[in-house]
Structures are given as structure tokens and as C-alpha cells.
Number of protein chains: 2
Amino acid sequence: MTIIRKGQEFSSCSECNIRYRAVCSTCDHDELRRLEDIKYYRSFEAGQPIMFEGDEMHFVASVVTGAARLSRTLPDGRLQMLGLLLPSDFIGRPGRDKVAYDVEAIQDVTLCCFRRKPFEQMVETTPHIGQRLLAMSLDELDVAREWMMLLGRKTAREKITCLLALIGQRIATLHLQPVTDGLSFEMPISREAMGEYLGLTIETVSRQMTALRKDGIIEVKGSRSITIPDLADLMAETGDDTDGGMLI
Amino acid sequence: MTIIRKGQEFSSCSECNIRYRAVCSTCDHDELRRLEDIKYYRSFEAGQPIMFEGDEMHFVASVVTGAARLSRTLPDGRLQMLGLLLPSDFIGRPGRDKVAYDVEAIQDVTLCCFRRKPFEQMVETTPHIGQRLLAMSLDELDVAREWMMLLGRKTAREKITCLLALIGQRIATLHLQPVTDGLSFEMPISREAMGEYLGLTIETVSRQMTALRKDGIIEVKGSRSITIPDLADLMAETGDDTDGGMLI
DNA sequence: CGTTACGTTGACTCCCGTCAAGATCCGTGG
DNA sequence: CCACGGATCTTGACGGGAGTCAACGTAACG
């Protein structure tokens, strides 16, 4: 069973690739041991649901590898993506027994899960975890509010360029590449997912991508491979201050 | 000086009107005494700025009375409101030295301020405060994400009816009135502020209010006094599930 | 190949923003 | 008391940006 096999690849906290960024990052050796007692790994393939809004929340988790997303759907089917979960991000909320959003794997994903009740006890008894969770929650809050600005006030073109800049920078720094003109990367998400993230339809996303290509802001190979010949040109289209002030 | 006079009205934590809801709500007697040592009160009149984005964050604070709002403005002037701060809500973020959003009083407001450095130390040393701050941050995160759904996917009419339902319920429960058909209340914010909250222009807000009035969903006296003859009718226009599932 | 998922493009519609003109309310001062 | 000015709100005309519906390409994969 792949789930178990994959889990075993990640069984030691001290070797974990998110050891210094996740909710456990400020735990000392003793606290880590207590966490190891209540943790277990689960894997989900791209596209699989992880939790549904309204479900009982049996566990909370850290993303170890891959990516997932939070979303919510209106009764008539309109969907809005509410968050992107990358390695070290935390899923779930101690102190609440129902899941608040749909959670879905968008790449193959491995989670480090903790049963909720024992984890809640640990949050109460080990300040390090609570403090780290607080800092992470406040970061997420900033991201959510930045996104509110984008959803409420930016044009389709600005939304797309913001997303391209965001993803480009993330991938570049992840691969330890410099963020300079000529930056090149693969879009990890489909046009549909872009639209769900940005509050746009797939057609509008596609048209804006074409327009940006024709205007020389981006170069496109296939539909996923993006090159940004001039970063300043791209940033000038985002509606933000051209200098710094990045989203995440 | 009104600031001092007003401050003295609120000088004892144990008598404070937000004693059991604010960041200090789970503090024991001892912890409260330590907080009292580092707290001070400040008042701002409606319309006054409280903090500017990018400023040094000298203090964090709880809203004691009145209301304030968080917002951010794009270089070209487009403004998006990012949060509404009511009594017991917390302003600022321990662990960060720059203010992330503009904060402005929208009604006369009194803050219970803590100098940031001593407060950060208290967060680290008194688990109760950190835990409470975590719970409050997670609540705010839920509100922000609910608002992302609204900003990204809802129509102008849905946005307006959501806001009316939200404010109506808040005011009714605040005044200990039942939330039933015939609910009547004063809008605490201008058409402009509604637009800033909802990601709409003032003209669209006004037109939608007129349309809702003509459709019999709401009754309006002056421009601020609202009556909702049939709550179910209003909720049916919000795009949400008609039953429960309220925003805050 | 054919099938299927994904992406692009076009034609059209309509919601909402923009610009402009009135209407209403309210505090101030003659 | 009324006149005036300013802020707030409403309404109209108009245009554009994004959604909708539909058709067509393109790539991946059996």
C-alpha cells in the first residue's frame, strides 16, 4: 500500500524536510518525541479530496510534500479557492470540530497527521506549538487579506500578473534561482485552477494570458511553460507598487 | 483632555466591558495585574487614522468601544476594506514591527493599548494570552476567507444582501433583540463604506439598495434606517444556503 | 488512430464602473 | 426663519470588462 510505504519515507521528525518551518519547528527534542507518538502519515493523489466542508474534523495535519488547496462552493456551484497549502502549511484548526472548507490535493501530497484531540492537548500544554501556530495563522491572515484586495479591486489583467509574479518568485526561490529578468518556470496549476484562485472564468484567464503574450509581458511555450523577459514590465501590470511589497 | 478622561472610565480590567471576550479574556487575576501595568487607553474620533501601513508598530491594542476598520489602498487610489474591528477585536500583530494595513476609526473609538515589546514578552511567558490570540486569529482568518468568497464570486446584489443580513444580525444580537421578520436597524456605515467593504462603487451600492427596496426585500427610511420584512426573502438573495451558515 | 482533457478564440450579453446631473439632508450663519 | 454650502445619496446615460455559450485547436494517452 503506497500510503504506508510513502509514510515510512518520512517517519523521523528530525530528518523531516519541513522540520524547521512547520508547526513543530520550534519544538525541542522532548516535544518532538511526544508529537511522534500521535502522528501518522497519509498520502493523497492529485485531485483527491482530503476533507469536506462540514465533516467531522478527525485530524489536523502539516503538508510534508506536494500541494493542496482550500476552497468553498456556493449552492449553485460557483467555487472560490481560499488558500494554497504548500509544504509546512497547516491544515485544520484546533478547537473546532467541523471542517470549515473543502480541502483537496492539487498535486500528489503527503500529510503528517495528528489526531485532533491529542493535538489540542499538546497545544495547551506545550507553548512552543501554540506560539508557532499563532505566527503561522497570522501569516495566513495576511495572505488572505492581500488576496481580498486582489479579489475586490483588481482587474483581470492585474490578477493574472499578480499570480504569475507570485508563482514565479516562489518557484525560483524554491529552486534557489535568482529572481531576475528572463525568469522561467512551469505553471503548476491549470487555467481552471488559476480562475478559481483569482475569481475569474477560465475563458477570461485564457484571453488575458494571450493578451500578455501578445504585449510581450510573458513568453509561453505549450500552455504551462512561462518566461518573463522583463520583471519590471510584469510588475508594472500588477497594480501594486513596482518595488517589493510581494504577496507572500 | 478627553483621552485621559475617557481612559479613566475604563481603568479597571475586572470591570471592563470586553473582559470576557478580548485577548485578556482567559487571563487569571495575576496575569491581569501584569497586563494592567503595561496598558494605557487612547481614543480616536470617527474618521481619524489610527495607524498607517508601513509605520513602526509601537503598540498593539484591543478595541474597547466604537469601531475601526482595516484597509489597504493601491497606488492609484483604489481602496479595499479588509476588516471591521468591533469591541474586543485585536489590532496589531506581535512579532512584527511594521504595520501591515491602514487602521482608521469609523466611529469614536477607545483602545486599550499595550506597548508592543512588553506585550510580546507576555505572549511568550503567559500561555493564556497566546492561546486566546490564536483562537481570535483563527476566527479572523475564517471571516477573511468568507469575505474572499464574497469578493471573488458574488454579484453586487448578493454582496449587498449579505452585508445587510450580517449587520442586521450583529446589531440585533448586540441589543439582545430576536432576529426575526420585521428586523429593523440603523446602518452604521455610509454607502461609500459599504462599497469599500464589498468591492463595489458607491453608485452600484445605491442602485442595488434601490432595487432591493423596489423588490420589497428591504424597507428604507432616510438612507440609513433599514427594515427587513421577511428574513427568508433576504437570505434567498445572498447566494448562500438559506439556512444558517452565517458569516460571523 | 480515436478519445478525452485542456486550452484558445469568437460572438454576444450584461453587469458594473464611469461620468455627470440632480436630489436630499444637515449644520451654519445671516 | 430662510438661504446657503457641503456632504451624502440617487438616478440616468453610456461604455467597457468580464461572463456565457459555442466552436475549434492542441496535447496526452489509450
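Chain letters run A, B, ... following the sequence lines, proteins first and then strands; every chain starts at 1.
Computed from coordinates, the B/Ile226 CD1 to D/dC9 P distance equals 11 Å when rounded to whole Å. Rounded to a whole Å, the CD atom of B/Glu186 is 17 Å from the P atom of D/dT8. Between the P atom of D/dT20 and the CD atom of A/Glu192 lies a distance of 13 Å, rounded to the nearest Å. Put simply, CD on A/Glu196 is 13 Å from P on D/dG19, counting in whole angstrom units. Going from atom CD1 of B/Ile160 over to atom P of D/dC9 covers 12 Å, rounded to whole Å. One atom, CD of A/Gln80, and another, P of D/dG19, lie 11 Å apart when rounded to the nearest Å. Here the C1' atom of nucleotide C/dT18 and the CZ atom of B/Arg78 are 14 Å apart, to the nearest Å. To the nearest angstrom, P of C/dG17 lies 14 Å from CG of B/Asp76.
Salt bridge annotation for A/Arg93-B/Asp139: present, with a cationic side-chain nitrogen under 4.0 angstrom from a carboxylate oxygen. Ion pairing between B/Arg96 and A/Asp142 holds under the 4.0 Å rule for side-chain N and carboxylate O. Under the 4.0 Å criterion applied to side-chain N and carboxylate O atoms, A/Asp76 and B/Arg153 are not assigned as salt-bridge partners. Remark: B/Arg78 engages A/Glu158 in a salt bridge, criterion side-chain N to carboxylate O under 4.0 Å.
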Listing, residues 200-208 of chain B side-chain donor-acceptor contacts under 3.5 Å, not counting sequence neighbours, or none:
residue  : atom : partner  : partner atom : Å
B/Thr201 : OG1  : B/Thr204 : N            : 3.3
B/Thr201 : OG1  : B/Thr204 : OG1          : 3.0

Kindly give the atom pairs (protein nitrogen or oxygen, nucleotide nitrogen or oxygen) under 3.5 Å for nucleotides 23-30 of chain D.
none

Atom pairs under 3.5 Å: protein N/O with N/O of nucleotides 22-24 of chain C:
none

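Within residues 203-211 of chain A, the residues that place at least one heavy atom under 4.0 Å from DNA chain D are, in residue-number order, A/Glu203, A/Thr204, A/Arg207, A/Gln208.
Each of C/dG17, D/dC9, C/dT8 was ranked by its minimum atom distance to the side chain of B/Arg191; first place goes to D/dC9.
At D/dC9, one or more side-chain N or O atoms of B/Arg224 fall inside 4.0 Å of OP1 or OP2 (strictly under the cut-off).
Within the structure, side-chain hydrogen bond (donor to acceptor under 3.5 Å, both in side chains) pairs that include any residue of residues 217-235 of chain A comprise A/Ser184-A/Thr227, A/Glu186-A/Ser225 (at least two apart or interchain).
The side chain to side chain contact (heavy atoms under 4.5 Å, CB included) check on B/Arg72 picks up A/Glu146, A/Met149, B/Glu53, B/Leu82, B/Ala100, B/Tyr101, with sequence neighbours excluded.
Side-chain contact check for B/Thr110 and B/Thr65: at least one donor-acceptor pair (N or O, by modelled atom type) lies under 3.5 Å.
Contact annotation for A/Gly199: backbone-only contact, meaning every heavy-atom pair under 4.0 Å involves sugar-phosphate atoms and none involves a base.
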